[in-house]
Amino acid sequence: MPQTPAPRAAQVHHITHPLVQHKLTLMRDREASSTTFRTLLGELAMLMAYEVTRDMPTQMVEIETPLEKMASPMIDGKKLVFASILRAGNGMLDGLLRVVPNARVGHVGLYRDPKTLEAVEYYFKMPTDMAERDVIAVDLMLATGHSAAAALARLKALRPRSLKFLCLLAAPEGIRTLHAEHPDVPIYTAAIDRELNDHGYILPGLGDAGDRIFGTK
């Protein structure tokens with residue numbers, strides 16, 4: 001009986017496009033208003049969507065141009081799921097859905113225990129037929145990695161066709177956690193920052209992303 005091959009090491013895709021880095025710099029600025037922060041985040045999500053969907057499968061369909069019929073490639077957006085890790089992950093959804101408007105959306109509700117820094121789940125809702133779908137888990141920050149690892153474990157239990165993780169910022173500690181627990185899941189991020197502080201915040205970071213998106217600080 002053939003053996004199942006070992007999972008390949010997770011790859012970290014650092015998206016270094018100048019426009020991505022420029023807009024991220026503007027977002028990091030402590031003087032950026034919630035409106036500015038949200039606008040920039042939507043634009044960044046659109047730019048990052050091009051990278052995270054680069055290897056999406058396509059199929060040939062027949063269309064008719066003004067001049068003749070032809071076969072041309074299309075993706076099936078209905079097979080793609082953006083799984084938002086609440087609440088900050090929702091800040092990226094508008095931009096992602098502008099690029100792939102037919103994608104389905106799921107939500108994973110987690111909060112971080114302030115004492116243990118472990119993830120506690122309070123909500124989970126996904127589309128049906130996940131075994132036929134490509135899933136991109138979305139969160140703004142990969143800090144300790146505990147919330148992301150817990151979310152990916154729940155998503156894996158549904159046996160999706162493929163699974164990726166997309167975030168705006170990542171800390172080395174969070175990357176190591178995901179590598180250890182989910183070596184088969186590629187990580188896409190706009191920045192790999194220096195470290196975490198004693199409270200589990202990314203340094204230099206951009207503060208509490210949820211508070212800055214929703215103006216709740």
Side-chain angles (χ1 to χ4, degrees), residues 12-54 56 77 80-112 119 123 125 135-145 147-148 151-152 155 163-171 174-175 178 185-194 196-197 199-217:
V12 179
H13 301 268
H14 187 187
I15 303 172
T16 58
H17 191 287
L19 282 174
V20 170
Q21 297 304 312
H22 172 80
K23 292 179 184 297
L24 178 56
T25 296
L26 295 175
M27 287 183 68
R28 289 184 190 268
D29 189 336
R30 64 183 299 171
E31 300 301 324
S33 67
S34 291
T35 301
T36 298
F37 194 90
R38 285 194 298 267
T39 300
L40 289 166
L41 181 56
E43 294 170 352
L44 265 170
M46 292 177 66
L47 293 169
M48 296 178 73
Y50 286 103
E51 293 298 326
V52 76
T53 61
R54 181 180 292 275
M56 282 187 64
L80 179 64
V81 176
F82 294 121
S84 173
I85 300 175
L86 300 175
R87 65 180 167 151
N90 278 1
M92 297 185 75
L93 285 179
D94 284 348
L96 295 171
L97 290 170
R98 287 187 182 185
V99 178
V100 194
N102 289 334
R104 300 294 192 259
V105 176
H107 293 90
V108 185
L110 300 165
Y111 69 88
R112 186 171 58 178
Y123 186 78
K125 182 72 172 180
V135 178
I136 299 173
V138 181
D139 200 358
L140 256 67
M141 319 289 277
L142 178 59
T144 65
S147 295
L152 292 178
L155 291 167
L163 181 59
K164 298 176 181 177
F165 181 80
L166 174 67
C167 64
L168 192 62
L169 298 183
I175 291 174
L178 252 62
V185 178
I187 301 167
Y188 291 77
T189 184
I192 302 173
D193 279 12
R194 187 178 71 249
L196 298 178
N197 66 14
H199 300 286
Y201 282 89
I202 298 175
L203 298 176
L206 46 68
D208 188 301
D211 283 343
R212 295 193 70 185
I213 292 168
F214 301 111
T216 51
K217 187 173 181 180

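Because the structure is predicted, anything quoted here is derived from the model rather than measured.
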Participant: Work out which heavy atom in Y123 is nearest to a heavy atom in H107; give both atom names and the distance.
Facilitator: CE2-CB, 3.9 Å
Participant: List in chain and number order the residues that pass side chain to side chain contact (heavy atoms under 4.5 Å, CB included) with A137, two or more places apart in sequence or in another chain; answer none if no residue qualifies.
Facilitator: L152, L155, F165
Participant: Do you know the tightest heavy-atom contact between M48 and L166?
Facilitator: CE-CD1, 3.5 Å
Participant: Could you please spell out the steps behind the side-chain contact (heavy atoms from CB on, under 4.5 Å) verdict for L24 and L206?
Facilitator: CA-CA 9 Å; L24 178 56; L206 46 68; 4.3 Å; yes
Participant: Is the backbone of L19 close enough, under 3.5 Å, to the side chain of H17 for a donor and an acceptor to pair up by distance?
Facilitator: yes
Participant: Between side-chain atoms of residues 83-105 and protein atoms elsewhere (two or more places apart, or another chain), which donor-acceptor pairs fall under 3.5 Å?
Facilitator:
residue : atom : partner : partner atom : Å
S84     : OG   : N90     : N            : 3.0
S84     : OG   : N90     : OD1          : 2.6
R87     : NH1  : T216    : OG1          : 3.2
R87     : NH2  : D211    : OD1          : 2.8
R87     : NH2  : T216    : OG1          : 3.4
R104    : NH1  : N102    : O            : 3.3

Participant: Which heavy atom of A143 sits nearest to which heavy atom of G200, and what is that distance?
Facilitator: CB-O, 3.6 Å
Participant: Do V20 and L44 touch side chain to side chain, with heavy atoms closer than 4.5 Å?
Facilitator: yes
Participant: Please identify each residue that fulfils ring pair (Phe, Tyr, Trp, His ring centres under 6.0 Å) with F37, with sequence neighbours left out.
Facilitator: none
Participant: List in chain and number order the residues that pass side chain to side chain contact (heavy atoms under 4.5 Å, CB included) with R194, two or more places apart in sequence or in another chain; answer none if no residue qualifies.
Facilitator: L203, P204
Participant: For G207 and M141, which heavy atoms make the closest approach, and how far apart are they?
Facilitator: O-CE, 3.9 Å
Participant: Which heavy atom of H14 sits nearest to which heavy atom of A190, and what is that distance?
Facilitator: NE2-O, 3.2 Å
Participant: Can you check side-chain contact (heavy atoms from CB on, under 4.5 Å) on R28 and L169, steps first, answer last?
Facilitator: CA-CA 11 Å; R28 289 184 190 268; L169 298 183; 3.5 Å; yes
Participant: Let me know which of T189, L142, D139, L41 forms a side-chain contact (heavy atoms from CB on, under 4.5 Å) with L168.
Facilitator: L41
Participant: So, using side chain to side chain contact (heavy atoms under 4.5 Å, CB included) as the criterion, who are the partners of H22 when residues are at least two apart?
Facilitator: L26
Participant: Of all the heavy-atom pairs spanning M27 and L40, show the shortest one and how long it is.
Facilitator: CG-CB, 3.4 Å
Participant: Check whether any side-chain N or O of K23 sits under 3.5 Å from a backbone N or O of E43 as a donor-acceptor pair, and report yes or no.
Facilitator: no
Participant: What pairs of residues pass the side chain to side chain donor-acceptor pair (under 3.5 Å) test when at least one of them lies in residues 30-42, not counting sequence neighbours?
Facilitator: S33-T36
Participant: State, yes or no, whether a side-chain contact exists between V185 and L178 at a heavy-atom distance under 4.5 Å.
Facilitator: no
